[in-house]
Amino acid sequence: MSDLTKATARHAELVREINHHSRLYYTQDAPQISDHDYDALMQELLTLEAEFPELLSPDSPSQRVGAEPLAEFSQITHELPMLSLSNGFEDSDIQEFDARLHKEIGLSENTVIEYVAEPKLDGLAVSILYVDGVLTHAATRGDGRVGEDITQNVKTIRSVPLKLPEGAPARLEVRGEVFMRLAGFDELNQAQAESGKKVFVNPRNAAAGSLRQLDSKITAGRPLDIFIYSTGVNSDSAFADTHSQTLEKLAALGFPVCPLLQVVNGVEACLQYYRDMGAKRARLDYEIDGIVYKVNRLDWQRAAGFIAKAPRWALAHKFPAQEKTTQVNDIDVQVGRTGAITPVARLEPVFVGGVTVSNVTLHNKAEIARLDIRVGDTVIVRRAGDVIPQIVGVNLEARPSSATPYDFPTHCPVCGSDVVTEGDGIIARCSGGLTCGAQVRQSIKHFVSRKAMDIDGMGDKIVDALVEQGLVSTVADLYVLTFEQVLALEGFAEKSAQNLIAAIEKSKLTEFARLLYALGIPQVGETTADQLAAHFGAMDALKSATQDALEALPDIGPVVAKNIVDFFHDASNLSVIAQLHDRGVTYEVVAAQKPEDVAQLPLAGEIIVLTGALSGMGRTEAKKRLQALGAKVTGSVSKNTTLVIAGADAGSKAAKAAELDVRIEDEDYLNQLLA
Ligand code: I6G
């Protein structure tokens, strides 16, 4: 046997094997070999093709690694125009779409139209042409008539088949949306930042930037994916009678089709699907910006026809936008209860992600520098799910010539004390301590808040007024306020003053963990306060705890331990604690838990996060009951989390858990655990 014959046989074997494992990995999500073994097969193929270039074919999986860079993209004229979709926003738009279709198709009012509903991915539309089963061309939508030739780039997307199985139509064009999953996007941005390259504003921009690379080897390194949503040119005129059949056949040919699509009956079912997906949206691992409804029967699609650039038989029902542009009217700083100075952008109010946003934190000096945000800039504001709004980019083209870089203050804007920096100059802090009115106000607001002493009715404005009038300068002063003093405040009447005094009185009997949290020891959040309370049982034991004793507790590191020790060595803090005690603030002393006892409890070692709304009990009650069983209940999901309980409308925490592969269960499971 000649070398070429042997090489040809091995080449065919490698192609078969690599395609098989690619399909298992990318379309069925069920890999059977390791990444390392897969790479070894690919390397062998590349070496063989380098030695025997005659073996290289356009459908070889080696094409997935990219080709020589192009000077520019050539153009491709679409055989059938790539249309866009009409949009709807309100339920009534969808009801009108359905009513219109009845007339256009000639159906009676009581005929129910079957639709295919599927998420509309926030990505880029592409067309991919297969001739005799082999991927020959791929193009962007462009202006709908002419797009750019991105064949080499699309070939690098692992879930796109390079060759179709026997029986595929001789000429088949498929259309779909190229997108980037959130986990891949985060990884890409982290790598970009680490190597000093441009960070992408959102997954869509990352997908677009990756797909429109003249060097397809760069595209090959980007985590792109695709869902196919329709056919274009198709030599098999009897391919399908319905749109859902088309999608089934495409899936059978190896194309990735969105697993969430559904055939639904009538317009009300469309709207239900929209609401269901809206609730799931924040938990998906890719971004969607709406739902597409398509008439399922192809003969009815033909009867409905087209308007200028869009089919009459399809509609995109948009979700509220997660990104909008607006203007930065001002940048100022807020002083927190520990003196941390946080810059805030004051924006021209903008409706985004379902809420009106007018203030956005800029976090720190480094973030302002990274984004180079200036007063007068036009910025992109993003609010996805229940995540806090953020500025993700600046439109430099719209920057007014007068805009100057932001000067971070060197003195506290509230008390005038020097601003000092920590952590490589990133964290700025007012050095005024409790002489700073802002720190006093913030520490009192924290003390009275729901998760702390929970003084009902004591809102921010009341705290501001109490501090301004000199009635309260430490949290202990709250407990000597009189009815007359409260009544004299603006907006108070007899009844409301009585209520506030009663709420203050009620807060006196609390839990040790709440009081600890309320004191506002730097970096002691609820979870740490719970842990300290369980371990020490009472204030006196904690006050005399040493740095070593604190560090011996799980999850308390040297910085937090030092903060606690420093806090209890500060004379003014000790005096406030003594005053609180003298003025009647107290808690039930619980027996200090011994670590060996905790280890015996049924949920010992579990680190649980509660998210979303629970119907049977409040989250605080659930938390207490889980803690009583030995679990640690924390506020944020990390790789150490062992379980996330997702109630109704769970948002970003459930999404994070899915991303980190953390187990997610519902309220029923919580009830089983507690039972
Ligand atoms: O841009 C689009 C996204 C998703 C589409 C589309 C789609 O279906 C799920 N379908 C059509 C028919 C068109 N654009 C024109």
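One-based numbering, in listed order, for ligands and for the atoms of each. Below, all heavy atoms of this structure are taken into account, side chains as well, without hydrogens, waters or symmetry copies. Source: prediction; values computed, not measured.
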Under a 3.5 Å threshold, yes or no: a donor from one side chain and an acceptor from the other, between Asn265 and Tyr115?
no

Counting only heavy atoms not in Gln75, do more than 12 sit closer than 6.0 Å to its CD atom?
no

Looking only at protein heavy atoms, what sits closest to atom 6 (C) of ligand 1 is Tyr229 CE1, 3.3 Å

Indicate, as side chain, backbone, both or neither, the part of Glu118 found under 4.0 angstrom from ligand 1 when only non-hydrogen atoms are considered.
side chain

Atoms of ligand 1 under 4.0 Å from any heavy atom of Lys294, numbered from 1 in the order shown, are 6 (C), 7 (C), 8 (O), 9 (C), 10 (N), 11 (C), 12 (C)

Would you tell me whether Asn359 and Arg346 have side-chain atoms, one donor and one acceptor, within less than 3.5 Å of each other?
yes

Ligand-side contact atoms (ligand 1) for residue partner Leu83, heavy atom cut-off under 4.0 Å:
15 (C)

In terms of heavy-atom contacts, does NZ of Lys324 have more than 12 from other residues, nucleotides or ligands at under 6.0 Å?
yes

Answer yes if the ring centres of Phe319 and Tyr274 are under 6.0 angstrom apart, and no otherwise.
yes

Does Arg141 reach ligand 1, in the sense of a heavy atom lying below 4.0 Å from it?
yes

Hey, are Gln213 and Thr219 close enough side-chain-wise for a donor-acceptor pair under 3.5 Å?
no

Compute the shortest N/O to N/O distance between Lys120 and ligand 1 and return yes if it is under 3.5 Å, no if not.
no

Return the residue, atom name and 0.1 Å-rounded distance of the protein heavy atom closest to atom 11 (C) of ligand 1.
Leu85 CD2, 3.6 Å

